[in-house]
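Notes to accompany the following structure.
Each residue takes its place number in the sequence, starting with 1.
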Amino acid sequence: MRPFDEDALSAASGFSLAEREAVYHAIMTRRDVRSQFLPDPLPDDVVERLLTAAHHAPSVGFMQPWNFILVKSAEVRTRVRDAFARANEEAALMFEGERRQAYRSLKLEGIVEAPLGICVTCDPTRSGSVVLGRTHNPRMDAYSTVCAIQNLWLAARAEGVGIGWVSIFREGDLKTILGIPHHVEVVAWLCAGFVDRLYDEPELSVKGWRQRLPLEELVFHDGWGRSER
């Protein structure tokens, strides 16, 4: 361990009004994109900025367990889309009646339409068998990886890049297609591409699948289920 260095600390203050508004605008207008991708390839410098934002996410024990597999190949993306289609049919059968019909009406991926796929993985061995902060909750490595994804997503919104998180896969199918080692966990397949339109509200809300819950119903005080009163 290095000795404490007072010079490593810098003054901290809130952002300017314009900066704050930009941050919250990115948060509030971020969307899970399925259908609005433009075919134009993403420039390398834009992709580099998105990955840099992801790589600056917090991580338990600073283990940085993530990797990013960039997939531009149309052939590979087609195989991934086919793996999704198999899993998606399995998922549809888990719903009943009108809910199944509604599920099948939803477009839940843009794997082929988006010019870039990003497979985000988590390597639980990245910092050895004992990791600071992960000793009592081994899932902290995956949670850290999700923080990286959110950083990337918000940076993408600022760049005019749409991101769609596809989660309906059998993990083994993706590992086979991409040659991912057995011990590495697949956390996300992200569809990435420029967009010129986004839904004003989350697409699942617009299409009636589910609505945003009132925040006040989700906030407790000094214990589970306790209101402020």
Legend entry - Test log, rule salt bridge (Lys or Arg N to Asp or Glu O under 4.0 Å), inputs E75 and R77: CA-CA 5 Å; E75 186 272 331; R77 286 186 288 120; over 6 Å; no
Inset, instruction - May I ask you to decide if I111's main-chain N or O and E109's side chain share a donor-acceptor pair within less than 3.5 Å? - result: yes
Inset, instruction - Using a strict cut-off of less than 4.0 Å between a Lys/Arg side-chain nitrogen and an Asp/Glu carboxylate oxygen, indicate whether E201 and K207 qualify as a salt bridge. - result: no
Legend entry - Sidechain-backbone polar pair: R100 side chain, L93 backbone, donor-acceptor under 3.5 Å: yes
Inset, instruction - Give me the ring orientation class for F220 and W224: parallel if the planes are under 30° apart, tilted from 30 to 60°, perpendicular past 60°. - result: perpendicular
Legend entry - Salt-bridge criterion met for R31 and E203 (N-O under 4.0 Å): no
Inset, instruction - State plainly whether the residues R139 and E185 are in salt-bridge range, i.e. N to O under 4.0 Å. - result: yes
Inset, instruction - Please answer whether the main-chain N or O of A148 pairs with a side-chain N or O of Q150 as donor and acceptor at a distance below 3.5 Å. - result: no
Inset, instruction - Could you tell me whether the side chain of W165 reaches within less than 4.5 Å of the side chain of W189, counting heavy atoms only? - result: no
Legend entry - Electrostatic pair R49-D45, nearest N-O below 4.0 angstrom: yes
Legend entry - Salt bridge flag under 4.0 Å for residues R170 and E90: yes
Legend entry - side chain to side chain contact (heavy atoms under 4.5 Å, CB included) between V120 and T145, intermediate numbers included: CA-CA 8 Å; V120 186; T145 304; 3.6 Å; yes
Legend entry - Given V46, L152, N151, the one that forms side-chain contact (heavy atoms from CB on, under 4.5 Å) with L51: L152
Inset, instruction - Take E89 and R104 through the salt bridge (Lys or Arg N to Asp or Glu O under 4.0 Å) test and state the conclusion after the steps. - result: CA-CA 9 Å; E89 180 57 27; R104 283 184 163 147; 2.4 Å; yes
Legend entry - Side chain T121, main chain V186, donor-acceptor under 3.5 Å: no
Legend entry - Modelled atom types, side-chain donor and acceptor of Q64 and S59, under 3.5 Å: no
Inset, instruction - For T29 and R157, test the side chains for any donor-to-acceptor distance below 3.5 angstrom and give the result as yes or no. - result: yes
Inset, instruction - Taking T125 for its side chain and G128 for its backbone only, find out whether a donor-acceptor pair lies under 3.5 Å. - result: no
Legend entry - Salt bridge present between R34 and D32 (N-O < 4.0 angstrom): yes
Legend entry - Greater than 12 external heavy atoms within 6.0 Å of E171's CD: yes
Legend entry - Check: Y103/N88 side-chain N/O donor and acceptor closer than 3.5 Å: yes
Inset, instruction - May I ask you to decide whether R126 forms a salt bridge with D141, counting only side-chain N to carboxylate O separations under 4.0 Å? - result: no
Inset, instruction - Name the orientation class of the two ring planes belonging to F95 and W209 (parallel below 30°, tilted from 30 to 60°, perpendicular beyond 60°). - result: perpendicular
Legend entry - Main-chain N/O of P214 paired with E217 side-chain donor or acceptor, under 3.5 Å: no
Inset, instruction - Spell out, as yes or no, whether a donor-acceptor pair under 3.5 Å connects the side chain of D123 to the backbone of P65. - result: no
Inset, instruction - Report yes or no: does Q36 contribute a side-chain atom to a donor-acceptor pair with the main-chain N or O of R197 at less than 3.5 Å? - result: no
